[in-house]
Amino acid sequence: MRPANLKTRIFLDGGNPDDTKDIIRLLGFLDGQTTNPTLISKNPDLRERIERGEKFTGKEILGFYRQVVRKISALIPEGSVSVEVYADRSTRAEEMQEQGEEMFSWIPNAHIKFPSAMEGLRAAEQAVKRGLRINMTLCFTQEQAAAVHAATRGAKKGDVFVSPFIGRLDDRGENGMDLIYNIIKMYEKGEGHVEVLTASVRNIDHLLYALKLGSDIISSPFDILKQWADQGLPIPGDNYVYDSKNLKRIPYREIDLYQKWQDYDIRHELTDQGMDRFSADWNALIKK
Ligand code: E4P
C-alpha cells in the first residue's frame, strides 16, 4: 500500500511488462514507468527472439516497442508511461516531433522523451504547443533544466518532466544527487510547470535521498524498488543524511529561468554519449 506520507510519485524504470506486474504486487501501487531504447532492447521476449536468430526491420522493432508500451499502459492506466524517440546526434527536431506524435497516439497515458539537447528542446517546444506530454531525458546540468523550463513555458503542470541522470554523474565521480537538489531549488523561482523526475537511480540511497529532497517523481530499476519494498517502504525523516562518499560536489548556480531557451549553455558530453548509446542499442536490433 502507498505510504500515507509519500508525496513523490514512484515509477519503474524498465522495458518488461512482467516486471511492472511484479512491482505493483510488491509495492501495492505504481505511479508510472519509464522506458528507453536500451531498456526495450533488453526485454526478455525480444532477447529470446534475437537469440533464435530472428531479425527485425525498423518498422517491426517499433511495433514491438508499441506492444510493450501498450501492455505496460494497461497495467497502470492511471499512471504515466514514458516512451522515447530515436535520436542520434544528427536527428532533427522535425523527425523527433513526428516520431513523438506517433508514439503519443499509441497509448492514452504517454509522456514522450526527447533528449535535453538543442534539437530535442526544439522538438519539445513544438510538442507542448501541440498538446503532447513530454519527458526531457539525458539532463546533466542545471542549465539544461533551465532551458527545459524556458522552452515549455505555458504547459500545464504534469505535462512536462525533466529527467536528471544521477547515476551517470556518480559513475564519473560527480555527486549526481546535488543536481536534484540544485534543480529543485532553482525551480522554486519558476512557474511550477516542470516536474523533476530523478532518473538513472543506482542504489536505495539515491531513492531515499530523492524522497527526502521532494523530487516530484523517482524512476527506479526493479531491484531497487524491490529492496525498498522489502524494507517496508521507508520514507526518510529529518535526521536522514545522504552519504555522498567521496563524490565531487556540484555547486548550485544562480540561473535566471526567464531567458530564451536557446541562450542557455545546454551542451553536455554525457547527453551526446547518452544519445550515442541509446541509438546504438536500437540500431543493433535492426537487420542491415
Ligand atoms: C529513465 O528515464 C532513464 O532512461 C534511465 O533511468 C537511465 O538509467 P541508466 O543511466 O542506468 O541507463
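Counting starts at 1 for both ligands and their atoms, following the listed order.
Within 6.0 Å of atom NZ in Lys226, 12 or fewer heavy atoms from other residues, nucleotides or ligands are found, so the atom counts as exposed in its surroundings. Around CZ of Arg202, the count of heavy atoms belonging to other residues, nucleotides or ligands within 6.0 Å exceeds 12.
Between the side chains of Tyr209 and Thr198, not a single donor N or O lies within less than 3.5 Å of an accepting N or O. In this structure, a donor-acceptor pair under 3.5 Å is absent between the side chains of Asp178 and Tyr252.
Among Phe161, Trp261, Tyr258, the one residue that satisfies the ring pair (Phe, Tyr, Trp, His ring centres under 6.0 Å) test with His149 is Tyr258.
The contact shell of ligand 1, taken as protein residues with any non-hydrogen atom closer than 4.0 angstrom, comprises Asp13, Thr34, Asn36, Lys113, Phe165, Arg168, Ala199, Ser200, Arg202.
A distance-only check finds no donor-acceptor pair linking the side chain of Lys113 to the backbone of Thr34 [under 3.5 Å].
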